[in-house]
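Quick notes on the structure that follows.
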Amino acid sequence: MTPKHNNKTLIGITGSIGSGKSTVLAMFGELGAETISSDAIARSFTEPTSPVIGELVEIFGNSILDSNGAPIRAKIAELAFSDKTKLKALNELLHPLVRKNFLEFLNSRKDGSIVAWEVPLLFETDAHTICDFTVTVAVSPEVAWERVQSRGGMDYEDFQKRNLSQMDLEKKKSLSDFVVTNDNQRENLKEQIVIIDSEIKKRIKK
């Protein structure tokens, strides 16, 4: 196959909240891929040093700032997932910045690299169109909620709102090259990733 980014292979990883996307990303990393997370990049734009604090305040108001003038992530999330207009505005602000940051990372990798990229909105933002392979991490809503609960900081209503803001899981699965089931033990998940990684490496050589 001919990679879409010179001689680098890009794997896009997605799934619902609580599905274990970050765990899958780390496993690809253990198998030799270079890894990057869109969520991690996006979080950098809600740090106290964010270059877009002014734009965030324009969207959400001053209530998202703490006493030091730093963004409060939980407040941003609460307001965004309660108002589709605000969520759309937030996505329109952050997605181009995240994509630019990601592409800089990708372009700096050496030829022959395999890059695993965690993207919650892989299909919703058409990010899949620049990937060579796509992987959806599937999990039952019950297990996903158990994992989110164990992390703390989110109630069930917020969990539901975030899920509803994303593409239906079955649709994501139908659009993906590979689907990983993550309802079971870590060992079972690792076995699936090893098989997918091996298959991807075979296809790269063709």
Side-chain angles (χ1 to χ4, degrees), residues 11-31 33 35-47 60 64 71-84 86-88 90-91 94-95 98 102 116-125 127-128 131 133-197 199-200:
I11 306 168
I13 300 167
T14 194
S16 59
I17 183 171
S19 61
K21 299 182 295 295
S22 297
T23 301
V24 168
L25 182 73
M27 287 179 174
F28 273 108
E30 292 167 5
L31 294 168
T35 61
I36 186 166
S37 164
S38 283
D39 269 355
I41 298 172
R43 280 195 294 273
S44 72
F45 291 105
T46 55
E47 296 283 355
F60 299 105
I64 64 161
I72 305 168
R73 286 199 191 106
K75 188 65 177 179
I76 292 172
E78 175 194 334
L79 294 173
F81 289 104
S82 298
D83 186 324
K84 289 182 179 179
K86 285 183 168 58
L87 179 60
K88 182 174 183 289
L90 178 65
N91 287 338
L94 294 186
H95 287 163
V98 171
F102 162 71
W117 178 29
E118 179 191 352
V119 196
L121 301 180
L122 181 71
F123 296 108
E124 293 90 333
T125 60
H128 67 287
C131 295
F133 301 99
T134 54
V135 179
T136 287
V137 187
V139 65
S140 68
E142 295 78 16
V143 172
W145 171 232
E146 285 176 12
R147 290 176 183 157
V148 170
Q149 274 185 302
S150 70
R151 297 200 297 247
M154 186 184 303
D155 61 27
Y156 187 70
E157 185 179 355
D158 287 338
F159 170 74
Q160 289 287 68
K161 285 178 181 176
R162 295 193 189 204
N163 272 330
L164 291 172
S165 73
Q166 296 188 9
M167 180 183 290
D168 176 73
L169 179 61
E170 292 304 314
K171 179 67 172 175
K172 287 185 179 184
K173 289 163 63 175
S174 72
L175 293 171
S176 296
D177 295 305
F178 302 99
V179 176
V180 174
T181 302
N182 190 22
D183 276 338
N184 300 310
Q185 299 300 313
R186 182 182 175 88
E187 293 76 15
N188 177 267
L189 178 64
K190 185 63 179 284
E191 288 173 5
Q192 294 178 74
I193 301 306
V194 168
I195 292 169
I196 291 171
D197 179 77
E199 177 62 26
I200 287 173

If we only count heavy atoms from C-beta on, is the [X] to [Y] side-chain gap below 4.5 Å?
X	Y	answer
R147	V139	yes
L169	N163	no
I41	I36	yes
L189	M27	yes
F123	S176	yes
L121	H95	yes
I195	F178	no
S38	F102	no

Can you tell me if [X] uses its side chain to pair, donor with acceptor, with the backbone of [Y] under 3.5 Å?
X	Y	value
S140	V143	yes
T14	V119	yes
T134	D177	yes
Q192	T181	yes

Chi angles and distances behind the salt bridge (Lys or Arg N to Asp or Glu O under 4.0 Å) call for K173, E170: CA-CA 5 Å; K173 289 163 63 175; E170 292 304 314; 3.2 Å; yes
Which atom names give the shortest non-hydrogen contact between [X] and [Y], and what distance separates them?
X	Y	result
V179	A138	CG1-CB, 4.2 Å
P120	K21	CG-CE, 4.1 Å
L122	C131	CD1-SG, 4.0 Å
Q166	G15	OE1-O, 3.6 Å
W117	L25	N-CD1, 4.0 Å

If the threshold is 4.0 Å, N to carboxylate O, is there a salt bridge linking K161 and E78? no
Salt-bridge present (E47, R43; N to O < 4.0 Å): no
Find the distance between [atom1] ([X]) and [atom2] ([Y]) and round it off to the nearest 0.5 Å.
X	Y	atom1	atom2	result
L79	L90	CG	CG	10.5 Å
D168	S16	CG	OG	10.0 Å
F60	I76	CZ	CD1	6.0 Å
E191	I196	CD	CD1	12.0 Å
T23	K190	OG1	NZ	11.5 Å
T136	I13	OG1	CD1	10.0 Å

Per the salt bridge (Lys or Arg N to Asp or Glu O under 4.0 Å) rule, which among K171, K88, K172 passes with E124? K172
Going through the distances and angles, do F159 and I17 end up as a side chain to side chain contact (heavy atoms under 4.5 Å, CB included)? CA-CA 8 Å; F159 170 74; I17 183 171; 3.6 Å; yes
Can you tell which of V24, V135, D197 makes a side chain to side chain contact (heavy atoms under 4.5 Å, CB included) with I11? V135
